[in-house]
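Structure first, commentary second.
As a basis for the values below, the full set of heavy atoms in this structure was taken, side chains included, without hydrogen atoms, waters or symmetry mates. Just so it is clear, the structure is predicted and the values come from calculations on it, not from any experiment.
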Amino acid sequence: MSRLLLIAILLVLVFLILGDKLGRGRPASPAASPAPSAIGPLPGSSSPHAAVAAAGRADSPTPISPNGGEGEAPPVDRLARLAVRRRLRAEADYTYLDSLIANADSLVRRWPDLNGRRLRVAIVSDGPADFQPNMADFVREALSHWEETGAGIGFVTVDDTISADVTVRWIDHFSADKAGQTDLLWNQLGRIKHASISLAIHTAVGHRLPDAGLRAVALHEVGHAIGLPHSPDPSDAMYPSARATAPTERDRRTLALLYELPTGDIRDVPDSADSGVRPSTK
């Protein structure tokens with residue numbers, strides 16, 4: 001009797017071991033498969049992933065609270081980051097996006113693919129005492145110039161500031177020596193969510209800006225609103241001291257390149273450091 005009991009126990013153990021091995025060898029279901037770690041090859045753009053938002057001046061971002069997470073794509077993996085950096089260096093003679101490599105956040109920041117939708121721009125047609133209706137026309141001209149670059153960015157003006165992607169307002173002057181400022185809201189992966197443009201009518205010491213200056217500043221700030229950084233070339237619309245009243249060929253190439261790249265952090269860091277929030281040190 002004891003011998004039969006021992007045989008039964010051994011058979012049970014054999015079945016348990018075989019069942020465990022079969023279970024381990026079974027492929028995982030699609031729902032349990034890990035998400036891919038790369039956005040994809042260049043050119044291209046990423047799809048949505050959990051996000052953290054940041055806002056600030058277009059040339060000096062500062063972090064703010066998370067935006068609630070929207071289900072966005074994973075960060076750019078190391079090989080994709082390397083490909084982006086190589087392309088930026090290769091096109092440095094014709095564009096100025098290579099400055100992103102040296103930036104503290106090294107973030108490719110632009111509007112996500114809008115699938116043909118135009119960015120909604122609310123031009124607030126009031127302001128200080130010296131505001132003139134033709135100042136709104138300067139902004140419309142700037143929108144038209146950037147739309148004509150062929151980079152795939154389109155605009156439509158709307159009255160509702162709440163639903164607008166971009167809002168434009170005038171102020172009398174800035175306390176600092178500047179004539180315009182663009183505040184951007186973007187997520188951790190560099191997807192711009194909203195842009196707010198402020199344009200001054202007077203200098204910090206009270207001098208009225210000429211119409212040519214207002215045009216140049218409007219063009220420059222709209223460039224920031226669509227993701228462009230500063231250019232070191234004084235002839236470009238994105239030179240810090242705005243002078244150009246139309247984008248140069250270098251501005252056009254830079255914008256086209258920006259919208260061919262995947263958004264996200266392009267620093268050369270180990271993949272293990274790709275998770276989490278990294279505030280800008282600017």
Notebook entry, point to check: Is the closest side-chain heavy-atom distance between L228 and W146 below 4.5 Å?
Noted result: yes
Next item on the list: Tell me, please, which residues at least two apart from R250 pass salt bridge (charged side-chain N to carboxylate O under 4.0 Å, His left out).
Entry: D236
Checklist line | Exercise: identify the closest heavy-atom pair between A216 and A242 | finding: O-CB, 3.7 Å
Check: Roughly how far, to the nearest 0.5 Å, is the CG atom of L119 from the CD atom of E147?
Finding: 9.5 Å
Next item on the list: Ignoring hydrogens and angles, tell me if any N or O in the side chain of R243 forms a donor-acceptor pair with the backbone of P234 under 3.5 Å.
Entry: no
Checklist line | Close aromatic pair by centroid cut-off 6.0 Å: H220 and H230 | finding: yes
Next item on the list: Measure the CD1-CD distance between I171 and Q181 for me, rounded to the nearest 0.5 Å.
Entry: 8.0 Å
Next item on the list: State whether the side chain of R81 and the backbone N or O of R267 hold a donor-acceptor pair below 3.5 Å, judged by distance alone.
Entry: yes
Notebook entry, point to check: Where do V158 and A164 come nearest, in terms of heavy atoms and distance?
Noted result: CG2-CB, 4.1 Å
Notebook entry, point to check: Which atom pair, heavy atoms only, marks the closest approach of S125 to A136?
Noted result: OG-CB, 4.2 Å
Checklist line | L88 and I266, any side-chain heavy atoms less than 4.5 Å apart | finding: yes
Notebook entry, point to check: salt bridge (charged side-chain N to carboxylate O under 4.0 Å, His left out) with R208: which residues, sequence neighbours excluded?
Noted result: D211
Notebook entry, point to check: To the nearest 0.5 Å, what is the distance between CH2 (W111) and OG1 (T263)?
Noted result: 13.0 Å
Notebook entry, point to check: For D177, does the CG atom have more than 12 heavy-atom neighbours from other residues, nucleotides or ligands under 6.0 Å away?
Noted result: no
Check: At their closest point, which heavy atom of L107 faces which heavy atom of L189, and how far apart are they?
Finding: CD1-C, 4.3 Å
Check: Is R215 paired with E141 through a side-chain N to carboxylate O contact shorter than 4.0 Å?
Finding: yes
Check: Among the clusters formed by ILVMFWY side chains lying less than 4.5 Å apart, do I192 and L114 turn up in the same one?
Finding: yes
Check: So T254 and D251, side-chain hydrogen bond (donor to acceptor under 3.5 Å, both in side chains) or not? Walk me through it.
Finding: CA-CA 5 Å; T254 302; D251 289 315; 5.8 Å; no
Note to self: Using side-chain heavy atoms (C-beta onward) and a distance below 4.5 Å, is L199 in contact with V168?
What the structure shows: yes
Note to self: Checking V139 against I197 for the side chain to side chain contact (heavy atoms under 4.5 Å, CB included) test, could you report, in this order, the C-alpha distance in whole Å, the side-chain angles of both residues, the deciding distance, and whether it holds?
What the structure shows: CA-CA 10 Å; V139 176; I197 298 174; over 6 Å; no
Note to self: Walk me through whether R87 and L257 qualify under side chain to side chain contact (heavy atoms under 4.5 Å, CB included).
What the structure shows: CA-CA 9 Å; R87 187 169 183 191; L257 175 59; 3.5 Å; yes
Note to self: On a heavy-atom basis, which atom in M135 and which in D130 lie closest, and how many Å separate them?
What the structure shows: CE-O, 3.5 Å
Margin query: Membership question, hydrophobic clusters at under 4.5 Å side-chain separation (ILVMFWY): are L255 and Y239 in the same one?
Written below: no
Next item on the list: Kindly indicate, with the supporting measurements, whether the criterion side-chain hydrogen bond (donor to acceptor under 3.5 Å, both in side chains) is fulfilled by E221 and T182.
Entry: CA-CA 6 Å; E221 297 305 328; T182 299; 2.6 Å; yes
Item checked: CG/D159: more than 12 non-hydrogen atoms of other groups inside 6.0 Å -> no
Item checked: Contact check, side chains of P262 and V84, non-hydrogen atoms, under 4.5 Å -> yes
Margin query: Return the CG to CG distance between L219 and L143, rounded to the nearest 0.5 Å.
Written below: 9.5 Å
Checklist line | Spacing of F131 atom CZ and I201 atom CD1 [to the nearest 0.5 Å] | finding: 7.0 Å
Margin query: Is there a path of hydrophobic side-chain contacts, each under 4.5 Å between heavy atoms, that joins I101 and L258?
Written below: yes
Note to self: On a heavy-atom basis, which atom in F174 and which in G180 lie closest, and how many Å separate them?
What the structure shows: CE1-N, 3.5 Å
Margin query: According to salt bridge (charged side-chain N to carboxylate O under 4.0 Å, His left out), who are the partners of R169, at least two apart in sequence or on a separate chain?
Written below: none
Notebook entry, point to check: Got more than 12 heavy atoms from elsewhere within 6.0 Å of CZ, R117?
Noted result: yes
Checklist line | Side-chain touch H194/T167, heavy atoms, less than 4.5 angstrom | finding: yes
Note to self: Does any part of the side chain of L184, heavy atoms only, come nearer than 4.5 Å to the side chain of H224, both counted from C-beta?
What the structure shows: no
Next item on the list: For D233 and S231, run side-chain hydrogen bond (donor to acceptor under 3.5 Å, both in side chains): C-alpha distance rounded to whole Å, both residues' side-chain angles, the deciding distance at 0.1 Å, then the answer.
Entry: CA-CA 5 Å; D233 190 330; S231 166; 5.6 Å; no
Checklist line | Separation of D165 CG from R118 CZ (nearest 0.5 Å) | finding: 13.0 Å
Checklist line | Side-chain heavy-atom pair Y259, I226 within 4.5 angstrom cut-off | finding: yes
Notebook entry, point to check: With side chains defined as the heavy atoms from C-beta onward, is the minimum distance between I123 and W170 less than 4.5 Å?
Noted result: yes
